[in-house]
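Proteins get letters first, then strands, A, B, ... in listed order; numbering begins at 1 in each. Computation of the quantities below employed the complete heavy-atom set of this structure, encompassing side-chain atoms and omitting hydrogens, waters and symmetry-equivalent molecules. Source: prediction; values computed, not measured.
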Number of protein chains: 4
Amino acid sequence: MLLDKRTAKANGIVQAAVLLFGKKGYAFTSVEEIAAAAGVGKSTVYDYYKNKEALFKAAVISAAERKLSDLKAITSSTDDPLERMKRITEMYLASDRSECSGLSKLFVEVLSQTQLQGGVFFNQRHMIQKVYQRMIRTVLDLLLEGVSMRKLRPDIARHAEMITINFFAFLDGLTMQSMIAGDHIDMREQAGLYLEQLKDILLPGQGIGT
Amino acid sequence: MLLDKRTAKANGIVQAAVLLFGKKGYAFTSVEEIAAAAGVGKSTVYDYYKNKEALFKAAVISAAERKLSDLKAITSSTDDPLERMKRITEMYLASDRSECSGLSKLFVEVLSQTQLQGGVFFNQRHMIQKVYQRMIRTVLDLLLEGVSMRKLRPDIARHAEMITINFFAFLDGLTMQSMIAGDHIDMREQAGLYLEQLKDILLPGQGIGT
Amino acid sequence: MLLDKRTAKANGIVQAAVLLFGKKGYAFTSVEEIAAAAGVGKSTVYDYYKNKEALFKAAVISAAERKLSDLKAITSSTDDPLERMKRITEMYLASDRSECSGLSKLFVEVLSQTQLQGGVFFNQRHMIQKVYQRMIRTVLDLLLEGVSMRKLRPDIARHAEMITINFFAFLDGLTMQSMIAGDHIDMREQAGLYLEQLKDILLPGQGIGT
Amino acid sequence: MLLDKRTAKANGIVQAAVLLFGKKGYAFTSVEEIAAAAGVGKSTVYDYYKNKEALFKAAVISAAERKLSDLKAITSSTDDPLERMKRITEMYLASDRSECSGLSKLFVEVLSQTQLQGGVFFNQRHMIQKVYQRMIRTVLDLLLEGVSMRKLRPDIARHAEMITINFFAFLDGLTMQSMIAGDHIDMREQAGLYLEQLKDILLPGQGIGT
DNA sequence: TATGAATGAGCTTTCATTCAT
DNA sequence: GATGAATGAAAGCTCATTCAT
């Protein structure tokens, strides 16, 4: 009971943090703002998290976990491998638009804090890597499963990890493009083009060798 | 003569700014540091740039211009469209490794400042868009030239811009992946895989319709 | 019965306070620390003591009372006035070394809080004076008793208070010296030298006039 | 010229710090107060001293140096060893009363910060020891010089350091007594008594053996 | 013209104290 | 009766920016 209450409050703070860190970035977000957004006093935040950095890490982990679970939810929504990839793509594109989630923006912030000297994750990228690898693993498994179900070409098994990484690289990159270009580019079309290429590689009875 | 001197000094400051903003990010870099790195006094920076924001913008523009000119240099180094794409790719991967340039890191910072409320480029993404579009235009032209030289499939002309955007999206995304994953992934291999796919689309006598 | 329980808990808190205030000083000791050390909740402390100041005062009084009772214990341990002085001296030196008591350090803290504007005892030194005077009175009586027992020179009676005050001054000062000098000085030897001088004054058949 | 100006300002800040740290103690004095007292802005203090601790150390050193130079000044004011001791004593008593100098109070603060866990000088007492040893050395030399001038008993040479340390212990202790007792004790009389005892030890042709 | 000296706004963090449970 | 959760005030410190020289 008591623990639940505590957890609930901690969650509230973290959710506010996810939103604000995503919206304004680590440096431009003050702890006081987060506290206000969470509807608690400034120092209450410090009762739950050692300091701003710890709160940021918690926020990032929380957001990443949610994204990961979304990813897994998709896996169980359909059997078709390509349909799965498509839905993952759509999730990515959607999460970008919906202001409330703020996941992608937060992701850029994580990237910053991983790269920059003095950044929260500088020299601590293993924390981020772990989450990232789990995401890759999820899609990678999806591909391998497609192969074993004979829905995908058997010879991609060897390259499955590379394909997955490229897939995420493209999604991240496209997200970034849209951040800059705004409505100038049609993300859905762009992603469609990429998925077409993917189909050529993944589906049997197509591609070079046939 | 005098103007040249002024320009030279302004350049020195901007170069220092590019380096430091790339290394430590906007928020974690102080004007004083930049001044020191440029070998000038703190307030001299303000003689040349209205404020920190203006300096950041100038630094970003400068770095982008250099990258753009690198891009164009590649175009004139060979005729073969695919070889050009390959060299562009290599340039991207290289610029990431070489600490001195710091372009990629700076690019992430730009992304942050474009997205984040309170960021330098928030609601001013047109500045960034302009540069970006010039880069896209450059590669786009390269593709169209390939078509008109009959080295590329004629039917890609319609999709050339989308292909280009996807190309950049992939490159940016891959760069980000490597920022997080570090040596865990082999960027060259990953890029190679992508270029193979590109070849399938771009080169005549290959692909679906054959 | 109930009152006893209450008193016992109050004592526990005060003892913890004596220890911590002595070790870390008033300003650097938080109420929470004291509560934790006493094994009670933070707000329980406030049930027993109005605020941090009141707790500090109680701690100081408690420690002083204990020292005073130690002093009186010595008086009853031997009849010889000089031996008594010697044992008092030893008690002082010992109490300094034994970390657990922390009395001397606490005494320095009291001194601070008496002197400093904003200090707990600022403009309330009468509280401290009272305790101090009782200590002086104890040793003073000891001297007078020595005179009336004809073990000490009769003419010191007039100066007995001054001698006592100087005695305490020396003991306090020596304690401070050792706090700073650490092992560089041999407190026992230093005290021995002082006691020799005291002997010259106090014992009959010695000194100038004889 | 410029350096002098800087030094002058630094001095002003330190003097304000000596006063306030002496009056209100380290913990109860805010940097802002010191800045205000010195007539400068808050952050100017940080231009001259790295942080509050560094400022405190500088203040202590400054005050100690002044006291030391006062001590040496006394040495050159008369030849007579006992008169010198007397004047040193008077200086101690005087410095205590004059609120402006605040040296003694500051000294108590130093003691606190040396003893207390978390104190500025905790585990750094060597800084304080050095100053203290120079003060002891000065008086010690004074005694030895008295011996070599045949104004003091030759056999005290062996004990000169112990005598000096006891002398300072007494002076410090007496100062503390007066801090607590206020006007209840006559420091001049108390010191007079001690100096009488000293005379018995130091002067030839007096003492036990005669 | 170029500079370092100066500053105040604003941030992170701590802690004595209160109050609902 | 005892407690931990909550808080606001206040402190140390940084830094973009201005200004006199």
Side-chain angles (χ1 to χ4, degrees), chain A residues 1-3 5-6 9-10 13 26-36 38-55, chain B residues 2 5-6 9 26-36 39-56, chain C residues 2 5-6 9 26-36 39-56, chain D residues 1-3 5-6 9-10 13 26-36 38-55:
Chain A
M1 212 49 110
L2 283 177
L3 282 183
K5 214 171 171 184
R6 224 188 134 72
K9 196 152 226 169
I13 293 171
Y26 181 77
F28 290 153
T29 305
S30 74
V31 173
E32 192 158 19
E33 276 174 306
I34 294 171
V40 300
K42 197 187 339 178
S43 50
T44 302
V45 173
Y46 286 93
D47 276 355
Y48 288 85
Y49 299 94
K50 193 175 156 267
N51 51 27
K52 198 186 179 186
E53 267 199 37
L55 176 56
Chain B
L2 282 175
K5 212 170 169 185
R6 214 184 144 73
K9 202 156 212 171
Y26 182 77
F28 291 154
T29 305
S30 72
V31 173
E32 191 159 18
E33 274 176 306
I34 295 171
V40 300
K42 202 186 335 177
S43 45
T44 304
V45 173
Y46 286 89
D47 279 352
Y48 289 85
Y49 300 95
K50 190 175 161 267
N51 52 24
K52 197 186 180 186
E53 270 198 35
L55 176 55
F56 183 66
Chain C
L2 283 176
K5 212 171 171 185
R6 214 182 145 73
K9 203 157 212 171
Y26 181 76
F28 290 153
T29 305
S30 72
V31 174
E32 191 159 18
E33 275 176 305
I34 294 171
V40 300
K42 201 184 340 176
S43 45
T44 304
V45 173
Y46 285 89
D47 280 351
Y48 288 86
Y49 300 95
K50 188 175 162 266
N51 52 23
K52 198 185 179 185
E53 270 198 36
L55 176 55
F56 183 67
Chain D
M1 211 53 109
L2 284 176
L3 284 182
K5 215 169 169 184
R6 224 188 135 73
K9 196 152 227 168
I13 293 171
Y26 182 77
F28 290 152
T29 305
S30 74
V31 173
E32 194 158 18
E33 276 175 306
I34 294 171
V40 300
K42 197 191 338 178
S43 49
T44 301
V45 173
Y46 287 92
D47 276 356
Y48 288 85
Y49 299 94
K50 192 174 159 267
N51 51 26
K52 197 185 179 185
E53 267 199 39
L55 176 55

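Between Tyr48(D) and the phosphate of dA5(E), there is no side-chain N or O to OP1/OP2 separation shorter than 4.0 Å. Under 4.0 angstrom from either OP1 or OP2 of dA5(F) there lies no side-chain N or O belonging to Thr44(A).
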Secondary structure of DNA chain E per the Watson-Crick/G-U criterion (both distances under 3.5 Å; [ ] crossing, | other strand, . unpaired) is .||||||||||||||||||||
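One atom, CD of Glu33(C), and another, C1' of dC15(E), lie 11 Å apart when rounded to the nearest Å. The distance from atom CZ of Arg6(A) to atom P of dT3(F) is 17 Å, rounded to the nearest whole Å.
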Just list the side-chain donor-acceptor pairs under 3.5 Å for residues 40-49 of chain D, sequence neighbours left out, or say none.
| residue | atom | partner | partner atom | Å |
| --- | --- | --- | --- | --- |
| Tyr49(D) | OH | Ala10(D) | O | 3.4 |

Atom pairs and distances, donor-acceptor, side-chain atoms in residues 27-35 of chain B, under 3.5 Å, two or more places apart:
| residue | atom | partner | partner atom | Å |
| --- | --- | --- | --- | --- |
| Thr29(B) | OG1 | Leu20(B) | O | 3.3 |
| Thr29(B) | OG1 | Gly25(B) | O | 2.5 |
| Ser30(B) | OG | Glu33(B) | N | 3.2 |
| Ser30(B) | OG | Glu33(B) | OE1 | 3.4 |
| Glu33(B) | OE1 | Lys24(B) | NZ | 3.4 |
| Glu33(B) | OE1 | Ser30(B) | N | 2.9 |
| Glu33(B) | OE2 | Lys24(B) | NZ | 2.4 |

Per-nucleotide protein contact along nucleotides 14-21 of chain F, 5' to 3', at a 4.0 Å heavy-atom cut-off (B base, S sugar-phosphate only, - neither), is BBSBBB--
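Both Lys9(B) and Lys9(D) sit near DNA chain E, but only Lys9(B) has its closest nucleotide nearer the 5' end. When each of Val40(D) and Val40(B) is assigned the nucleotide of DNA chain E bearing its nearest heavy atom, the one mapping closer to the 5' terminus is Val40(B).
One distance of note links CD of Glu53(A) with OH of Tyr26(A); it measures 4.5 Å at 0.5 Å rounding.
Not counting sequence neighbours, the partners of Lys50(B) by the side-chain contact (heavy atoms from CB on, under 4.5 Å) test are Ala54(B).
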